[in-house]
Amino acid sequence: MHHISPARRVFLVANAAFLSLLAVLCFLPLVHVLAVSFSESAAVAAGQVTFWPVDFTLKSYDFIISRPEFMRSFVITLERVLLGTAINMLLTIMIAYPLSKDVRTFRMRTFYVWIFVFTILFAGGLVPWYMTIKYTGLLDSVWALVIPGAVPVFNVILLLNFFRGLPKELEESCFIDGAGHLRTLWTIYVPLSLPGLATVGLFTIVGHWNAWFDGLILMNKPEHYPLSSYLQTIIINFDFSHVKQEDLYKLASISTRTSKAAQIIVGALPILLAYPFLQKYFVKGIVLGSVKE
């Protein structure tokens with residue numbers, strides 16, 4: 001039986017306690033926002049809501065779902081996530097595969113790697129970035145939110161290193177059977193890289209879903225804002241001049257605070273639901289056992 005020393009046992013217990021405490025501290029603010037969103041406005045205003053709803057109600061959710069601005073920004077965000085994730089993943093895979101080869105196979109590999117690393121170290125700045133998008137005619141369209149970040153260099157480096165860890169014997173056997181690089185990539189590398197692709201895909205989805213700054217800069221009309229930009233405007237700079245008369249009557253019964261809490265929960269819900277389905281790939285090694293030596 002494997003022996004664990006007393007010092008090691010103390011470290012494991014302390015480590016587990018510290019990580020559990022850290023997880024609780026990260027989780028409590030979300031629980032508080034959830035409780036506020038389900039509580040009556042009077043209880044929220046009186047400071048009675050902590051981590052459990054007081055006078056449970058769904059008025060806030062009924063209010064935000066009935067608002068066309070919220071649903072319109074929600075649809076724009078879905079469009080952005082679908083387009084952005086598809087383009088990001090395709091380009092990331094197509095770039096990471098040749099860069100994962102050694103210098104004997106791809107002589108210019110180091111040169112191209114340094115070009116990509118250079119873009120991480122030295123960004124062009126906000127003004128050149130905006131002027132480039134403006135003169136390419138992408139402003140005020142969903143493509144302005146997708147095309148500028150189409151090649152996430154950090155994700156390319158992650159997937160590049162994952163491709164390097166795959167057994168070379170599989171690639172060689174594929175070449176012996178007459179396949180080329182493109183067929184080898186899509187029939188060998190991609191199926192065996194599901195953990196790496198799931199990780200990169202989750203980073204991409206979360207990045208597109210949470211991005212709000214580019215929406216404020218690149219969209220000229222508020223009705224073209226993605227969800228995060230829309231939430232930023234109503235949470236940080238709530239302006240009653242844009243609220244309709246009938247919405248003001250509803251706000252009188254639910255308060256802006258419960259409305260904001262409900263919109264935060266609805267905005268975060270798709271990511272919270274998607275994460276458990278991708279999380280299993282983080283701890284699963286598909287490559288293990290694929291090659292017997």
Side-chain angles (χ1 to χ4, degrees), residues 80-126 128-133 135-136 138 143-208 211 214 278-293:
R80 172 181 184 167
V81 169
L82 292 176
L83 286 174
T85 303
I87 293 174
N88 284 166
M89 294 303 293
L90 178 64
L91 293 179
T92 300
I93 292 171
M94 297 296 289
I95 294 172
Y97 175 73
L99 295 183
S100 67
K101 305 302 175 188
D102 55 34
V103 179
R104 290 172 298 178
T105 306
F106 183 23
R107 293 185 178 180
M108 298 294 289
R109 172 191 165 278
T110 305
F111 173 74
Y112 284 109
V113 168
W114 274 111
I115 289 180
F116 283 109
V117 172
F118 183 84
T119 62
I120 297 178
L121 300 176
F122 303 99
L126 181 61
W129 170 76
Y130 177 82
M131 297 302 288
T132 302
I133 298 172
Y135 286 115
T136 51
L138 296 177
W143 297 109
L145 307 175
V146 172
I147 297 298
V151 180
V153 179
F154 180 73
N155 290 350
V156 170
I157 294 174
L158 285 181
L159 197 59
L160 179 157
N161 289 322
F162 196 91
F163 281 165
R164 283 183 180 175
L166 296 178
K168 300 299 180 187
E169 291 83 354
L170 290 174
E171 183 186 40
E172 293 172 0
S173 64
C174 201
F175 287 154
I176 291 174
D177 291 339
H181 282 290
L182 199 59
R183 186 177 179 82
T184 303
L185 170 63
W186 295 108
T187 59
I188 298 296
Y189 275 74
V190 171
L192 291 178
S193 304
L194 286 183
L197 293 174
T199 304
V200 171
L202 184 62
F203 287 164
T204 305
I205 293 172
V206 172
H208 279 293
D214 54 354
L278 297 175
Q279 194 270 344
K280 63 180 180 181
Y281 290 109
F282 299 155
V283 294
K284 185 178 181 182
I286 292 180
V287 181
L288 292 178
S290 61
V291 175
K292 306 297 182 184
E293 296 183 354

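Below, each value reflects all heavy atoms present in this structure, side chains not excepted, and no hydrogens, waters or symmetry copies.
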request  = Mind running side chain to side chain contact (heavy atoms under 4.5 Å, CB included) on Met89 and Ile205 for me, showing each step along the way?
outcome  = CA-CA 10 Å; Met89 294 303 293; Ile205 293 172; over 6 Å; no
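One finds the CD1 atom of Ile87 at 5.0 Å from the CH2 atom of Trp143 (value rounded to the nearest 0.5 Å). To the nearest 0.5 Å, the span separating CG on Leu159 from OH on Tyr97 amounts to 12.5 Å. Considering CG of Leu158 and CG of Leu197, their distance stands at 11.0 Å, rounded to 0.5 Å. Taking CZ of Phe116 as the reference point, atom CZ of Phe154 lies at 15.5 Å (rounded to 0.5 Å). Put simply, CG on Leu166 and OG on Ser193 are 4.5 Å apart, with the number rounded to the nearest 0.5 Å. With rounding to the nearest 0.5 Å, the separation of NE2 in His181 from OH in Tyr189 is 9.0 Å.
For the side chain to side chain contact (heavy atoms under 4.5 Å, CB included) test with Leu99, the passing option among Ile157, Thr110, Val113 is Val113; the others fail. Of the candidates Val153, Asn155, Thr204, Leu160, Asn155 is the only one forming a side chain to side chain contact (heavy atoms under 4.5 Å, CB included) with Thr92.
Taking a cutoff of 4.0 Å between a charged side-chain nitrogen and a carboxylate oxygen, Arg80 and Asp214 qualify as a salt bridge.
With hydrogens and angles disregarded, no donor-acceptor distance shorter than 3.5 Å links the side chain of Thr105 to the backbone of Lys101.
Counting heavy atoms from C-beta on, the side chains of Leu185 and Met94 come closer than 4.5 Å. Put simply, the side chain of Phe162 reaches to within 4.5 Å of the side chain of Pro195, judged on heavy atoms.
Minimum interatomic distance between Gly84 and Val146 (heavy atoms only, all atoms of both residues): CA-CG1, 3.7 Å. Here the shortest heavy-atom pairing between Pro191 and Trp186 reads CD-O, 3.5 Å.
Surrounding CZ of Phe175 are more than 12 heavy atoms belonging to other residues, nucleotides or ligands, all under 6.0 Å away. For Phe106, the CZ atom sits in a packed shell: over 12 heavy atoms of surrounding residues, nucleotides or ligands are nearer than 6.0 Å.
No side-chain N or O of Thr85 forms a donor-acceptor pair with one of Asn88 less than 3.5 Å apart.
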